[in-house]
Amino acid sequence: MSLKLHNTYSHKIEELVPSNPDGVVRMYCCGPTVYNYAHIGNLRTYIFEDVLRRTILRNGFKLTHVMNVTDVGHLTSDADEGDDKMLLAAEREKKSVLDIARKYEDTFFKHTAALNIMRPDIVCRATDHVQDMIKFVEKLEEKGYAYFSNGNVYFDTAKFPAYGMLSGQNRKDLRHGARVEEDTNKRNPSDFVLWFTSSKFKDQILQWDSKWGRGYPGWHIECSTMSMKYLGEHLDIHCGGVDHIAVHHENEIAQSEAYLGHKWCKMWLHGEFLQMKNDVKMSKSKGNFITLDTLIEKGYSPLHYRYLTLTSHYRSPLIFSYENLDAAATAYNNLKAKYVEFKQVGEVSVSDDDLKLYQAYLDEFNSHLDMDLHTPQAMALLWKVVKDKNLPASLKVKFMDEADTVFALDLAKVEENKAMDAPVIDDAIKALVEERKAARVAKDWKKSDEIRDKLLAQGIVLKDLPNNEVEISIK
RNA sequence: GGCCGGUUGGCAGAAUGGUUAUGCAGAGGACUGCAAAUCCUUUGAUAUCGGUUCAAUUCCGGUACCGGCCUCCA
């Protein structure tokens with residue numbers, strides 16, 4: 001058994017082999033910038049990373065998983081048009097920058113927990129590591145990769161010939177000022193800021209002293225600094241969204257390998273976007289996004305959304321619409337109902353052939369996950385198992401439990417909240433039910449249906465069982 | 001302008017050089033007084049134009065359209 005993953009750097013599927021002698025897989029994932037709520041597109045990427053994490057563990061590897069929280073405002077860009085995001089958020093909400101950051105950080109982890117996303121082993125905030133970043137930049141400067149120009153420290157991409165390898169973009173093809181005003185302090189268009197002391201924008205609230213003057217770090221430096229601090233010089237896996245490939249991850253590679261003097265990260269994995277149907281891209285900066293709370297308010301469970309994301313491959317775009325979410329919610333509810341049904345059957349004797357069949361299914365399931373996290377095929381297989389008449393219910397339950405170690409859909413968890421907000425079935429309702437029973441005995445179908453409709457209007461569903469028994473449930 | 005990725009049934013979404021998963025929806029049937037739920041069965045798709053091939057949805061090329069990146073974004 002081996003775990004194979006698609007490496008953006010090589011464009012190939014490669015086997016995961018830990019590069020450190022202790023055999024521990026070292027994984028770093030780009031975390032949230034906490035100036036606003038994470039939207040469901042952001043969350044898709046974290047679900048993908050969680051599936052990756054769970055699959056690594058399922059393969060028996062030891063893992064150290066690190067994620068950053070970007071709580072220092074960064075405009076970073078070398079010729080930025082925008083204001084600092086954190087500062088804007090603070091103004092918008094009349095709070096201090098750090099209060100804002102903590103608030104959104106808390107919400108982020110509340111949302112990821114609701115989606116059954118395991119918390120990384122180490123979560124690190126940028127603001128706690130600024131001194132480390134300063135040292136990092138100093139060393140880059142000593143090694144001749146950085147230059148000081150008009151108040152800012154820049155990384156000189158001309159000194160790093162491999163720049164652009166990840167995204168396949170040539171340094172020279174990058175368009176000067178394609179979308180942004182050109183920064184004339186830079187030597188090359190692809191150069192990026194490591195440390196700011198001067199900005200044409202408002203004074204930053206969060207600033208630190210450095211040998212170049214009081215200022216703040218460029219955005220890219222935090223990921224290199226913190227990943228090395230916690231994971232050392234040889235990283236196995238670095239994850240993020242596809243939008244990070246071209247600039248952020250390219251810059252991370254440049255500054256990290258320049259700093260270390262050797263190859264840094266082995267595998268790069270990137271999650272594709274969630275696309276809105278008939279709509280423009282969801283983005284924090286445009287403010288047009290759907291959060292997990294939006295879905296909850298509409299009556300969906302966070303796990304309905306998790307299910308939806310599992311039906312597509314992480315490297316394919318997924319189209320979001322409420323129609324699709326409804327389909328996922330129905331499928332998910334049906335799956336859970338199956339679990340309950342199989343569980344009720346209880347233990348029955350299982351033959352060797354049954355066990356063989358079970359094992360064959362399980363092997364196939366693992367092989368789908370181990371082939372670049374192919375959750376859609378694994379999910380299709382789960383349904384096949386659920387519907388297989390030749391497999392005893394107890395083994396179906398066992399299979400579903402196994403699948404849930406990666407899917408994390410709480411298939412075994414019994415819903416209790418439904419009973420909480422259920423209307424009370426009072427005496428008046430009971431009386432109507434009895435009245436209807438009598439009507440049915442008398443074959444007075446008109447009256448019977450009237451009573452059923454009346455109760456349905458109150459959200460009470462009647463289901464006729466044999467022997468004139470009635471099951472009363474809540475819509 | 002450069003660079004990535006994509007176009008599969010009603011909606012999503014896999015796979016594949018010859019037989020096109022899975023879920024949701026639809027249809028028919030069983031059950032029911034009728035329903036609901038459930039179960040069984042089932043219709044239906046590979047953007048477009050060329051090329052290679054015995055055979056292309058799959059490989060190659062052109063076109064159109066879509067998404068993303070080149071500024072912080074998952």
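What's counted below: heavy atoms across the whole structure, side chains too, no hydrogens, waters or symmetry copies. Quick note on labels: first sequence line is chain A, next is B, and so on, each numbered from 1.
Of the C1' atoms belonging to U19(B) and U57(B), the separation is 14 Å, rounded to the nearest Å. Taking atom C1' on both A56(B) and C72(B), the two are 44 Å apart, rounded to the nearest angstrom. Here the separation of C66(B) from U8(B), taken at their C1' atoms, is 15 Å to the nearest Å.
A 3.5 Å limit on both hydrogen-bonding distances identifies C66(B) as the Watson-Crick or G-U partner of G5(B). The base-pairing partner of C11(B), taking Watson-Crick or G-U wobble contacts with both distances under 3.5 Å, is G23(B). The partner of U52(B), taking Watson-Crick or G-U wobble pairs whose two distances both stay under 3.5 Å, does not exist in any strand shown.
Contact between the side-chain N/O atoms of His220(A) and the OP1/OP2 oxygens of C72(B) is found at a separation under 4.0 Å.
By the 30° and 60° cut-offs, the orientation of the rings of His304(A) relative to Tyr300(A) is perpendicular.
Between Asn324(A) and Leu308(A), the closest heavy-atom pair is O-CD1, 3.9 Å.
Applying ring-ring contact (aromatic ring centres under 6.0 Å, His included) to Phe407(A) and the options Tyr307(A), Tyr339(A), Phe365(A) leaves one that passes, Phe365(A).
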Contact string for nucleotides 32-42 of chain B, one letter per nucleotide 5' to 3', B = base within protein heavy-atom range under 4.0 Å, S = sugar-phosphate only, - = neither, reads -BBBB-SSS--
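When heavy atoms are screened at a 4.0 angstrom cut-off, His374(A) is found touching the sugar-phosphate backbone but no base atom.
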